[in-house]
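To start, the structure under review is shown below, and the notes come after it.
Fair warning: this is a prediction, and the values are worked out from it, not measured in the lab. Chain identifiers are assigned alphabetically (A, B, ...) following the order of the sequence lines, protein sequences preceding nucleic acid strands; residue numbering begins at 1 within each chain.
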Protein chains: 2
Amino acid sequence: MPLTLEDIARICGVSRSTVSRVINSERNVSPETRQQVLNVIQEINFQPNLAARGLAAGKTRVLGLVIPMGVGAIFTDPFFPLLIHGVSATCNELDYSVMLWLDEPEYERRTVRQILYNGLVDGVIVSSMLMDDPILTALADGKLPYLQVGRHPANPRVNFVDVDNIQGSYLAVSHLLKSDRRRIATITGPKNMIAGMDRLQGYRLALEEWGIPFNPALVVEGNFTDLSGYSAIQHILPHHPDALFSASDAMASGALRALHEANIRVPEDVAVVGFDDIPFAAHTDPPLTTIHQPIQRVGSLAAQTLVEIIEQPTNQPRQVILPTELIIRSSCGCKV
Amino acid sequence: MPLTLEDIARICGVSRSTVSRVINSERNVSPETRQQVLNVIQEINFQPNLAARGLAAGKTRVLGLVIPMGVGAIFTDPFFPLLIHGVSATCNELDYSVMLWLDEPEYERRTVRQILYNGLVDGVIVSSMLMDDPILTALADGKLPYLQVGRHPANPRVNFVDVDNIQGSYLAVSHLLKSDRRRIATITGPKNMIAGMDRLQGYRLALEEWGIPFNPALVVEGNFTDLSGYSAIQHILPHHPDALFSASDAMASGALRALHEANIRVPEDVAVVGFDDIPFAAHTDPPLTTIHQPIQRVGSLAAQTLVEIIEQPTNQPRQVILPTELIIRSSCGCKV
DNA sequence: CTGAAAGCGCTTACAG
DNA sequence: CTGAAAGCGCTTACAG
């Protein structure tokens with residue numbers, strides 16, 4: 001029922017090759033013919049069939065977006081909505097569509113194969129932050145263009161867009177240091193997550209710069225959830241910290257609760273800085289000083305970069321790291 | 001480079017028709033042949049090209065999911081992540097893929113055309129709650145199977161899955177009534193959103209049942225955001241409410257802040273009940289009594305129902321309304 | 001600048 | 001139960 005190239009061609013009295021050429025903006029079409037075809041297309045609201053185009057050209061103009069559901073606080077954190085928003089907006093601009101896979105553990109195998117070989121996508125953006133995610137190795141072994149959201153230390157040639165987690169936590173801890181805190185504890189992310197380890201790295205860097213020895217008793221591993229932040233406090237408190245850098249706002253929020261229950265004043269007794277700048281961070285008690293990351297821009301850049309990789313292949317891996325920003329609220333206790 | 005049906009056929013010494021039949025689980029293939037083909041497919045990890053299949057069969061096994069970005073609190077509310085999760089999980093089970101469109105106002109026109117006529121999706125789920133969303137009328141005029149998340153009062157034949165907003169707010173207000181509150185104010189959603197109006201309807205129903213006259217001075221329109229809840233309180237306070245039903249948790253959270261600043265005690269002076277049960281609702285001060293809605297199940301049912309519509313077309317519109325649940329916390333002041 | 005023709009990888013009557 | 005053949009709606013050398 002929908003019209004085809006052939007129909008347009010008949011109406012215009014040209015061949016379907018010509019119609020195809022004007023649709024794909026090739027030169028080699030006389031201005032008059034081009035205009036006429038354009039008019040007809042406009043008039044009857046013609047949309048080329050993308051399945052046919054995909055089959056013939058080997059390009060579908062659709063990007064896959066793979067989001068692993070394994071990770072914790074996926075519904076309290078606006079990370080994925082913002083990422084999706086960025087990807088989608090840029091795809092719209094570039095005339096690409098986006099295919100979404102929420103990658104549940106049980107389906108992982110099937111997903112990878114489907115994405116790689118079913119010919120439906122020209123490339124894929126994976127937002128996995130797990131060090132050893134099987135989908136990452138599958139992608140690395142395959143030949144489909146792809147780009148990671150989040151860098152991968154083990155694979156130097158991978159394309160990625162990431163937030164500068166090291167610089168972010170360095171910023172956070174430096175701020176605490178400048179506010180004369182010296183016993184700065186940290187709740188880290190899980191060991192198998194790159195962002196978690198990067199944020200720990202920034203913590204160490206800042207300490208080092210100020211000549212403060214690294215004290216293992218002041219670092220506790222969390223898993224980015226509120227609850228893990230809450231229980232981390234129990235381990236940290238005996239060591240009398242005067243500040244806390246939490247590798248996520250969710251954990252900071254749990255820590256704030258625990259601190260409150262232990263009758264420890266924030267920021268007077270313990271200053272707190274989080275990471276992520278989730279909306280909730282402005283509403284904790286006290287409002288949380290934290291590190292803002294430009295997630296939507298990450299998504300947007302990821303889409304744009306992947307399209308470049310698809311359309312203008314080179315040997316150079318494309319890698320971009322976006323800066324973060326310190327957002328000062330009350331929990332750090334710096335009265336400007 | 002990827003293998004094709006033809007390759008499998010050659011290896012097995014059969015025609016590609018036969019291979020196609022076993023892939024599509026048709027009968028009319030001898031058990032031995034079927035097994036042999038299956039083995040080869042398994043062995044070489046064959047994935048049929050979906051673009052080709054789509055072109056030949058007119059079915060792509062992909063569902064479109066359209067999410068309008070016009071609406072307010074899209075990143076503080078886990079509605080969309082949960083919805084997407086439900087849709088995606090069920091699509092995985094049913095061997096469908098999902099194509100995502102975040103519908104930004106400027107692109108709306110292009111989006112609709114693309115979805116309807118580019119042959120990439122077999123049907124679409126639209127999560128629009130606007131009364132007069134242009135995409136809804138475009139879909140209604142087109143011939144692509146679709147299903148709405150959220151009912152549409154003006155179109156009785158539309159397929160939809162919705163949460164019972166009327167029953168939900170009825171539940172909320174009844175609870176307040178049972179707790180001896182009589183001057184119950186409400187902050188509504190915007191007039192052009194169906195869910196908003198449904199929630200107002202439930203409020204009226206409960207009042208009516210208890211013989212309490214409807215008092216327009218006690219109802220203020222909000223737009224589902226925190227801020228609108230905050231400012232609504234200024235209009236309501238002069239009329240001395242003893243309770244508040246807020247049509248969203250975000251607005252309730254703003255209202256709580258305003259109440260607090262006005263030195264009005266919750267729940268002693270004013271009992272508060274929200275709607276949505278966002279994660280934050282458990283952490284407000286005091287924790288918010290609210291109405292829980294099964295969003296993920298809505299997504300799951302939407303996908304399942306749309307697939308039924310695609311695969312077994314009938315004339316009957318499919319319409320399902322899911323019940324909500326009252327979650328009692330502290331803000332309503334009922335000490336069980 | 002333009003058209004005829006082959007081909008992308010499947011499905012689907014049709015004939016046997 | 002099986003295969004040969006046409007066809008889905010495009011793109012893309014190739015020839016002119």
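Of the candidates C:dT2, D:dG3, C:dC10, C:dC10 carries the atom nearest the B:Arg53 side chain, counting heavy atoms from C-beta on. Among the nucleotides D:dC10, C:dC10, C:dG3, the one closest to any side-chain atom of A:Asn49 is D:dC10. For A:Val29, the listed nucleotide lying nearest its side chain is C:dT2; candidates were C:dT2, C:dG9, D:dT11. The side chain of A:Ala52 lies closest to D:dG9, out of C:dC10, C:dT2, D:dG9. The nucleotide whose nearest atom lies closest to any side-chain atom of A:Ser30 is, among C:dT2, C:dC14, D:dG9, C:dT2. Comparing D:dT11, C:dA5, D:dC14 by their closest approach to the side chain of A:Ser17 singles out C:dA5. Among C:dT12, D:dC14, D:dG3, the nucleotide with an atom closest to any side-chain atom of B:Ala57 is C:dT12. Checked against D:dC1, D:dG9, C:dG3, the side chain of A:Thr4 finds its nearest nucleotide in D:dG9.
Proximity of B:Ile310 to B:Lys59: side-chain heavy atoms (C-beta onward) are separated by under 4.5 Å at one or more points. Counting only heavy atoms from C-beta outward, the side chains of A:Ile125 and A:Val161 never approach each other to under 4.5 Å.
One interatomic measurement links the two molecules: CZ of B:Arg27 to C1' of D:dC1, which rounds to 13 Å at whole-angstrom precision. We find that CZ of A:Arg21 is positioned 8 Å from C1' of C:dG3, with the value rounded to whole Å. The CZ atom of B:Arg34 sits 9 Å away from the P atom of D:dT2 (whole-angstrom rounding). The CD-C1' distance, from B:Gln47 to C:dC10, rounds to 14 Å in whole Å. Rounded to an integer number of Å, the gap from CG of B:Asn24 to P of C:dT11 is 5 Å. The distance from atom CD of B:Glu26 to atom P of D:dC1 is 13 Å, rounded to the nearest whole Å. The distance between atom CZ of B:Arg16 and atom P of D:dG3, rounded to the nearest whole Å, is 12 Å. Distance, A:Leu5 CG to D:dG9 P: 10 Å, rounded to whole Å.
Remark: A:Ser15 is in phosphate contact with C:dG3, judged by side-chain N or O atoms under 4.0 Å from OP1 or OP2. Look at A:Thr18 and you'll find a side-chain N or O under 4.0 angstrom from OP1 or OP2 of C:dG3.
Checking C:dA4 for Watson-Crick or G-U wobble geometry (two distances, each under 3.5 Å) identifies no partner in any strand. Pair check for C:dA13 finds none; no Watson-Crick or G-U wobble contact set falls under 3.5 Å.
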For this session: Check the pair B:Val121, B:Leu144 against side-chain contact (heavy atoms from CB on, under 4.5 Å), reporting the backbone distance first and the verdict last.
Result: CA-CA 9 Å; B:Val121 301; B:Leu144 189 70; 4.0 Å; yes
Problem set entry | A:Glu26 and A:Arg34: CA distance, side-chain angles, deciding distance, salt bridge (charged side-chain N to carboxylate O under 4.0 Å, His left out) verdict | CA-CA 10 Å; A:Glu26 291 172 24; A:Arg34 180 186 303 278; over 6 Å; no
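Other residues, nucleotides and ligands place more than 12 heavy atoms under 6.0 Å from the CZ atom of A:Arg318.
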